[in-house]
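Working notes, beginning with the structure itself.
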Amino acid sequence: MTKNNVLRIIAVIPARYEAIRFPGKLMQDLNGKTVIRRTYEATVNTGLFDEVFVVTDSDVIFAEIRNSGGNAIKSKKEHQCGSDRIAEAVEHMDVDIVVNVQGDEPLIDKESLFKLLEVFKYDTEGKIDLASLKTPMHDSDEITNPNNVKVITNKNNLALYFSRFPLPYPRETNSGVTYFKHIGVYAFRKQALMDFYRLPMLELEATEKIECIRYLEYGKNIMMVETNFKGIGIDTPEDLEKARKLFKEN
């Protein structure tokens, strides 16, 4: 699905300057351009969106995008998560679908984004509130790592639960089950995003520290789309070096 006359689709890239593990990472040089500018331009170049915005709390990031001819929005409030930052930005926009692209993942996979948008193309009754990505995991260290959020779904690929704990729990060895890692790229119906913004955090989300659990706790339907794209999230200087090598190779 490309841009169409039925649904107005935008991408929003939440961009905080102060990252705990790697402060200022979005302004680091990535082969001649900053990380955030690489992400913004890659998102625009997919051709899937009517508009692309960076929403940020940082004057530096705001100026970086504006000075390069891009669309940037300055947050007016302090926010605990990217979804809240996006919701504030789009609250008064005329838009149907909002896609959250991570600012620290400049290697955008157009095919995965395309698959997310296809969910809404075929959801003619409007039963899906948001769509997100999952990718299979096979390494035991990756599966048990609490930094990797796991997701389980029903037979229709609707999310049942997200956890930092291995799901499902392997009561028997060699059960043959496939574990899936949640990739934090979302496509929201605007109403679902605004509901998230206005509804309070509940116990499960607070316990796991996984924001998408809030949607489940309030009865929203999350369609999970499988992808084999891994991407590189730039969380450390070492991740940045990996991204530089990949850009040079490509």
Side-chain angles (χ1 to χ4, degrees), residues 1-15 43-44 46-55 71 73 75 77 79-103 105 108-135 149 151-162 180 182-202 204-205 210-227:
M1 183 171 65
T2 57
K3 292 186 293 186
N4 59 76
N5 295 322
V6 178
L7 295 174
R8 177 165 169 75
I9 302 169
I10 67 169
V12 180
I13 305 169
T43 306
V44 170
T46 65
L48 295 173
F49 305 106
D50 294 291
E51 287 189 279
V52 178
F53 299 89
V54 169
V55 56
N71 296 320
I73 299 171
S75 294
K77 304 175 183 177
H79 296 292
Q80 292 186 333
C81 65
S83 291
D84 285 342
R85 194 179 304 281
I86 292 171
E88 182 205 316
V90 306
E91 185 172 9
H92 302 295
M93 289 187 187
D94 180 16
V95 60
D96 299 295
I97 305 297
V98 181
V99 176
N100 172 3
V101 175
Q102 300 298 316
E105 295 205 9
I108 301 297
D109 181 44
K110 180 177 179 178
E111 182 180 355
S112 296
L113 294 176
F114 177 88
K115 288 180 178 179
L116 282 184
L117 297 179
E118 286 282 280
V119 169
F120 299 98
K121 178 179 179 180
Y122 294 107
D123 180 36
T124 55
E125 297 182 6
K127 293 184 177 180
I128 304 302
D129 297 293
L130 61 151
S132 193
L133 298 174
K134 64 177 183 177
T135 189
V149 174
V151 59
I152 52 173
T153 63
N154 67 12
K155 64 184 180 63
N156 297 317
N157 282 321
L158 291 174
L160 292 172
Y161 194 62
F162 300 85
F180 285 95
H182 178 222
I183 298 175
V185 178
Y186 301 91
F188 310 91
R189 290 194 186 278
K190 182 184 176 182
Q191 187 58 57
L193 182 61
M194 299 316 301
D195 287 346
F196 177 95
Y197 189 42
R198 294 165 182 149
L199 292 168
M201 183 187 300
L202 298 179
L204 291 176
E205 179 192 358
I210 301 172
E211 66 181 72
C212 53
I213 290 177
R214 189 182 311 182
Y215 293 98
L216 296 180
E217 291 188 274
Y218 285 103
K220 302 296 186 185
N221 289 321
I222 306 176
M223 178 65 73
M224 299 304 300
V225 176
E226 185 172 345
T227 178

Locate the shortest heavy-atom distance separating [X] from [Y]; write the atom from each residue and the value.
X	Y	answer
Asn71	Glu51	ND2-OE2, 4.1 Å
Arg85	Pro14	CD-CB, 4.2 Å
Thr227	Ser112	OG1-OG, 2.9 Å
Ile210	Glu205	O-CG, 3.3 Å
Phe120	Ala131	CZ-N, 3.9 Å

So, [X] side chain and [Y] main chain: donor-acceptor pair closer than 3.5 Å or not?
X	Y	value
Lys110	Leu48	no
Glu88	Ser75	no
Tyr218	Pro200	yes
Ser132	Ile183	yes

Rounded to the nearest 0.5 Å, how far apart are [atom1] of [X] and [atom2] of [Y]?
X	Y	atom1	atom2	answer
Asp195	Phe188	CG	CZ	12.0 Å
Leu116	Lys121	CG	NZ	14.5 Å
Met224	Leu133	CE	CG	7.0 Å
Leu216	Asp129	CG	CG	10.0 Å
Ile9	Leu117	CD1	CG	5.0 Å
Ile13	Thr43	CD1	OG1	4.0 Å

With a 4.5 Å limit on heavy-atom distance, are the side chains of [X] and [Y] in contact?
X	Y	answer
Asp123	Arg189	yes
Phe196	Lys220	no
Tyr215	Tyr186	no
Glu217	Leu199	no

> So Ile222 and Phe162, side chain to side chain contact (heavy atoms under 4.5 Å, CB included) or not? Walk me through it.
Replying inline: CA-CA 11 Å; Ile222 306 176; Phe162 300 85; 3.9 Å; yes
> side chain to side chain contact (heavy atoms under 4.5 Å, CB included) between Val225 and Asn157: does it pass, once the steps are laid out?
Replying inline: CA-CA 7 Å; Val225 176; Asn157 282 321; over 6 Å; no
> Taking it one step at a time, do Phe53 and Val90 satisfy side chain to side chain contact (heavy atoms under 4.5 Å, CB included)?
Replying inline: CA-CA 10 Å; Phe53 299 89; Val90 306; over 6 Å; no
Which side-chain N or O atoms in residues 93-101 pair as donor and acceptor under 3.5 Å with protein atoms at least two apart or in another chain?
residue	atom	partner	partner atom	Å
Asp96	OD2	Arg8	N	2.7

> Excluding sequence neighbours, so at least two apart, what forms side chain to side chain contact (heavy atoms under 4.5 Å, CB included) with Asn154?
Replying inline: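 Residues passing side chain to side chain contact (heavy atoms under 4.5 Å, CB included) with Asn154: Asn156, Leu158, Leu160.
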